[in-house]
There are 2 protein chains.
Amino acid sequence: MFSEVDPRSPTPLYDQIASRIRIAIAAGDLVPGRSLPSVRHLASRLRVNPATVVQAYRALAADGFVEMRQGSGTFVCEVGTGRKESERSAQARQLVRGLLSEAARRGLSAGDVAAAFRAELGSEVE
Amino acid sequence: MFSEVDPRSPTPLYDQIASRIRIAIAAGDLVPGRSLPSVRHLASRLRVNPATVVQAYRALAADGFVEMRQGSGTFVCEVGTGRKESERSAQARQLVRGLLSEAARRGLSAGDVAAAFRAELGSEVE
DNA sequence: CCTACTGTATTGGTTTACTAATACAATAGG
DNA sequence: CCTATTGTATTAGTAAACCAATACAGTAGG
């Protein structure tokens, strides 16, 4: 689970760490209330600086995935998979807006993106 | 058209410049064969360094939007709006893939993204 | 209490992206 | 030709992101 990390990847270390945990929470592998490894434990296991793990945990806390309690530890929040629908849709719309502007920048129309979206998702979109 | 640029924006100057030209080409405002302002002209008009305009033009050239000819100028390529459909769809699909992985990172499902996409595009998607 | 554990805060070094400055090379036109 | 205009190349400075190091502060449990 928190086994390894790639220092040579273009994606930052803290981002790799945060991503894995985020996915684990979304998938239900980490249930709400459960405590994450301590900053120092995870840091020594991954061979990175504790501050890097802090940065990852902080990013997760900013998104509401975890809660950091000084002296106690870092815990998975109630939200996770059951996050409020309005919040999810708002975030999704923001992502989509960014995609569309990026597509426009490259001279792609909304139709191009829509076609790619259908092709990529297949039947899931229905 | 090439009127102003915002140095305080988080998006780089060369990117702002390239984006506008890209959109102008995609929209047909700049027809193939037409010459763009010279590096120095555009730079002095926008109050930026010529090298910054070069970087913008270079990015456009890398995408096949324009062609830079030393001694002559920079010209809009034939592609532009008529770019090959396969190329457009491939690029669009790559963008969409990136979006979906980013969405997964944030704990959003493909369904969330699909809903946001429909909401954002409205009737255009049909 | 007090000790061993938790997260917090500040600081610094390294790298990378961005912008600028300056000198170079090719083309067009008189 | 030769001069003015075009893009090219190299170098440098500035800012931001990233990671590490170290000292600080709160909490739990014996």
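Reminder, nothing fancy here: chain letters follow the sequence lines and each chain counts from 1. Heavy-atom basis, side chains included; hydrogens, waters and symmetry copies ignored.
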Using whole Å, what does the distance between atom [atom2] of nucleotide [N] and atom [atom1] of [X] come to?
{"X": "B:Gln70", "N": "D:dA9", "atom1": "CD", "atom2": "C1'", "value": "10 Å"}
{"X": "A:Tyr57", "N": "D:dC19", "atom1": "OH", "atom2": "C1'", "value": "17 Å"}
{"X": "A:Leu46", "N": "D:dC19", "atom1": "CG", "atom2": "C1'", "value": "14 Å"}
{"X": "A:Glu67", "N": "D:dT27", "atom1": "CD", "atom2": "C1'", "value": "14 Å"}
{"X": "B:Asp6", "N": "C:dT19", "atom1": "CG", "atom2": "P", "value": "11 Å"}
{"X": "A:Arg40", "N": "D:dT27", "atom1": "CZ", "atom2": "P", "value": "16 Å"}
{"X": "A:Leu36", "N": "C:dC5", "atom1": "CG", "atom2": "C1'", "value": "16 Å"}

With respect to the phosphate group of [N], does any side-chain polar atom (N or O) of [X] fall under 4.0 Å of OP1 or OP2?
{"X": "B:Thr74", "N": "D:dG7", "value": "yes"}
{"X": "A:Arg58", "N": "C:dA9", "value": "yes"}
{"X": "A:Ser38", "N": "C:dT6", "value": "yes"}
{"X": "B:His41", "N": "D:dT5", "value": "no"}
{"X": "B:Asn49", "N": "C:dT19", "value": "no"}

Produce the list of close N/O pairs, under 3.5 Å, pairing protein atoms with atoms of nucleotides 16-18 of chain C; give distances to one decimal.
| unit_1 | atom_1 | unit_2 | atom_2 | d |
| --- | --- | --- | --- | --- |
| C:dC18 | OP2 | B:Tyr14 | OH | 3.2 |

Results of side-chain contact (heavy atoms from CB on, under 4.5 Å) for B:Ala103 - residues two or more places apart only:
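So B:Ala103 forms a side-chain contact (heavy atoms from CB on, under 4.5 Å) with A:Leu95, B:Leu108, B:Val113.
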Report the residues that fulfil side-chain contact (heavy atoms from CB on, under 4.5 Å) with A:Arg58, sequence neighbours left out, ordered by chain and then residue number.
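With sequence neighbours excluded, A:Arg58 shows a side-chain contact (heavy atoms from CB on, under 4.5 Å) to A:Val54, given in chain and number order.
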B:Val53 and B:Val48, any side-chain heavy atoms less than 4.5 Å apart
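Side chain of B:Val48 against side chain of B:Val53, heavy atoms only: contact under 4.5 Å found.
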State, with a plain yes or no, whether a side-chain heavy atom of B:Pro37 is found less than 4.5 Å away from one of B:Tyr57.
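Contact flag for B:Pro37/B:Tyr57 side chains = yes.
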Reckon A:Arg69 touches a base, only the sugar-phosphate, or nothing at all at heavy-atom distances under 4.0 Å?
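Answer is sugar-phosphate: A:Arg69 comes under 4.0 Å of backbone atoms only.
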What does A:Val54 touch in the nucleic acid at a heavy-atom separation under 4.0 angstrom: a base, only the sugar-phosphate, or nothing?
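The residue A:Val54 makes base contact.
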Nearest heavy atoms of B:Glu4 and B:Leu46, plus distance in Å:
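In terms of heavy atoms, the two residues are closest at N-CD2, 4.0 Å.
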Minimum heavy-atom distance A:Pro32-A:Cys77, with the two atoms named
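Scanning both residues, the minimum pair turns out to be CB-O, 3.3 Å.
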Can you identify which nucleotide, out of D:dA20, C:dA20, C:dG7, has its nearest atom closest to the A:Met68 side chain?
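Selected nucleotide (nearest to the side chain): C:dG7.
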If we ignore hydrogens and angles and just use 3.5 Å, is the side chain of A:Ser9 paired with the main-chain N or O of A:Asp6 as donor and acceptor?
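No; zero donor-acceptor contacts below 3.5 Å.
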Please output the side-chain donor-acceptor pairs of residues 64-72 of chain A that fall under 3.5 Å, not counting sequence neighbours, one pair per line with the distance.
| unit_1 | atom_1 | unit_2 | atom_2 | d |
| --- | --- | --- | --- | --- |
| A:Glu67 | OE1 | A:Arg69 | NH1 | 3.3 |

Name the residue closer to the 5' end of DNA chain D, choosing between A:Arg47 and B:Ala51 according to the nucleotide with the nearest heavy atom.
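It is B:Ala51, whose closest nucleotide lies nearer the 5' terminus.
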Output a table of nitrogen or oxygen pairs between the protein and nucleotides 28-30 of chain C separated by less than 3.5 Å.
none

A:Asp112: side chain to side chain donor-acceptor pair (under 3.5 Å) partners, not counting sequence neighbours:
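With neighbours one apart ignored, the set is A:Ser109, B:Arg88.
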OG of A:Ser38 to CG of A:Leu36: how many Å apart, nearest 0.5 Å?
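Here the rounded value is 10.0 Å.
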